[in-house]
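Numbering of residues begins at 1 and proceeds along the displayed sequence. Hydrogens, waters and symmetry mates are skipped; everything else that's a heavy atom, side chains included, is used. Every number for a ligand or one of its atoms is a count from 1 in the order of the listing.
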Amino acid sequence: MTVSIRQIHPVFVGEVSGCDLTQPIDRATVAAIETGMDRYAVLVFHDQALTDDQQMAFTRNFGTLETTGAGNITKPHELRLQPEMIDVSNLDRENKPLALDDRRRMFNLGNRLWHSDSSFKAIPAKYSLLSGRITVEKGGNTEVADMRAAYDALDAETKAEIEDLVCEHSLIYSRGALGFTELSEDERKKFTPVRQRLVRTHPVTGRKSLYLSSHIGTIVGWPMPEARAFIRDLIDHATQPQFVYVHKWRRYDFVMWDNRQTMHRVRRFDETQVRDMRRTTVAGDAPTTAQVQAA
Ligand SMILES: [Fe+2]
């Protein structure tokens, strides 16, 4: 395969051609895609009619797959897909749209807030790979923001102030921001906050980026309201139009992004329609900072 990548946004995002992801790919192609990810942070492929097995096989070229469970409130017997396939559809086990007041749907609405996948895990995710199996005509765009460009655009004073800050991330905070607070004791335990640096350095390129997410609830050592107001300012800064790519889905589009360098969100759509989106996630390899041991 000969991969070619064309940049389709002023600061990031590459569109890939010459790649059939339903087939096994060779080391040179994997290396070309990885280099593309380091550079563009987001890669867009079209016309990839993947099965779950093919999507998982492709994803394993880049590391270990995360499994579902830690990041949602769906019970094991309610799962529509196997554990390595993160279900970001609006569907139940019978492939029917969830009722508008379904608790799982309420929880999943958190994906409409800007976030970085699995930033609530002590070892957060590397890549996310999202396959549009059934897309909707109107709405449901995925927007991705370049956290390197956002970092670069900060003034020197702000860069110095945030350099060593550490934030606490949890699904309790992102869901709480939308007023979803009815969590069981077990769920609260599962969503215990973890610590992440606010500024990350990419292990290959050395570029710094803002590690922001709606999962952030406070900054270590700061009063919570002051931390939240500041994080809100930084998210406003980082999601200005010049840093944002808008992906309008076509069926069988396949989009992969680097969670260490970007944030994303999904936009509103008519949730009575079927939207079948399936994600695989490459686990990260190290925490961004030390965690506090529970007493
Ligand atoms: Fe996400």
Side-chain angles (χ1 to χ4, degrees), residues 12-13 37 41-44 55 59 62-63 65-74 79-81 83-91 98 104-121 123-133 135-136 139-147 150 167 169-178 180 190-191 194 196 200 209-217 231 235 238-239 243-249 253-269 271 275-284:
F12 69 144
V13 189
M37 287 295 285
V42 183
L43 292 178
V44 175
Q55 182 173 344
T59 306
F62 307 101
L65 272 62
E66 285 191 357
T67 53
T68 198
N72 59 57
I73 56 167
T74 307
L79 289 176
R80 191 173 68 100
L81 308 174
E84 293 83 5
M85 298 299 302
I86 314 296
D87 192 355
V88 284
S89 74
N90 60 336
L91 307 174
L98 294 166
R104 290 165 288 173
R105 191 180 94 83
M106 295 297 107
F107 188 83
N108 293 341
L109 285 172
N111 291 324
R112 292 195 190 170
L113 302 179
W114 286 105
H115 65 282
S116 176
D117 286 333
S118 299
S119 75
F120 50 80
K121 291 185 179 175
I123 297 180
K126 182 182 175 190
Y127 299 158
S128 289
L129 303 90
L130 188 55
S131 168
R133 306 291 176 85
T135 55
V136 290
N141 294 343
T142 297
E143 298 182 346
V144 192
D146 186 346
M147 295 296 103
C167 300
H169 295 234
S170 168
L171 283 157
I172 296 169
Y173 300 134
S174 50
R175 274 50 190 169
L178 293 182
F180 184 98
K190 186 160 90 161
F191 302 149
V194 302
Q196 308 289 1
R200 296 186 74 167
S209 58
L210 280 170
Y211 193 39
L212 288 168
S213 194
S214 294
H215 304 309
I216 295 175
I231 293 297
I235 290 179
T239 56
F243 306 132
V244 174
Y245 164 70
V246 177
H247 187 77
K248 185 169 168 32
W249 289 90
D253 279 352
F254 188 70
V255 179
M256 59 191 287
W257 60 81
D258 186 340
N259 288 296
R260 303 168 302 181
Q261 316 193 73
T262 61
M263 249 198 321
H264 61 279
R265 65 174 176 178
V266 64
R267 305 298 275 155
R268 269 183 105 203
F269 63 98
E271 293 218 38
R275 182 175 184 268
D276 191 348
M277 311 293 287
R278 302 183 185 199
R279 192 183 92 206
T280 38
T281 315
V282 179

Report the residues that fulfil side chain to side chain contact (heavy atoms under 4.5 Å, CB included) with S170, sequence neighbours left out, ordered by chain and then residue number. I172, Y173, F191, P193
Hey, does the side chain of N259 reach the backbone of D117 with a donor-acceptor pair shorter than 3.5 angstrom? yes
For K121, give me all partners under salt bridge (Lys or Arg N to Asp or Glu O under 4.0 Å), at least two apart in sequence or on another chain. E66
The side chain to side chain contact (heavy atoms under 4.5 Å, CB included) partner of V13 among V144, V44, V255 is V44
Could you check whether the rings of H247 and W249 sit parallel, tilted or perpendicular, using 30° and 60° as the cut-offs? perpendicular
side-chain hydrogen bond (donor to acceptor under 3.5 Å, both in side chains) involving D276 - partner list, sequence neighbours excluded: R80, R278
Which protein N, O or S atoms lie under 2.8 Å from the Fe ion (ligand 1), given by chain and residue number? H115 NE2, D117 OD1, H264 NE2
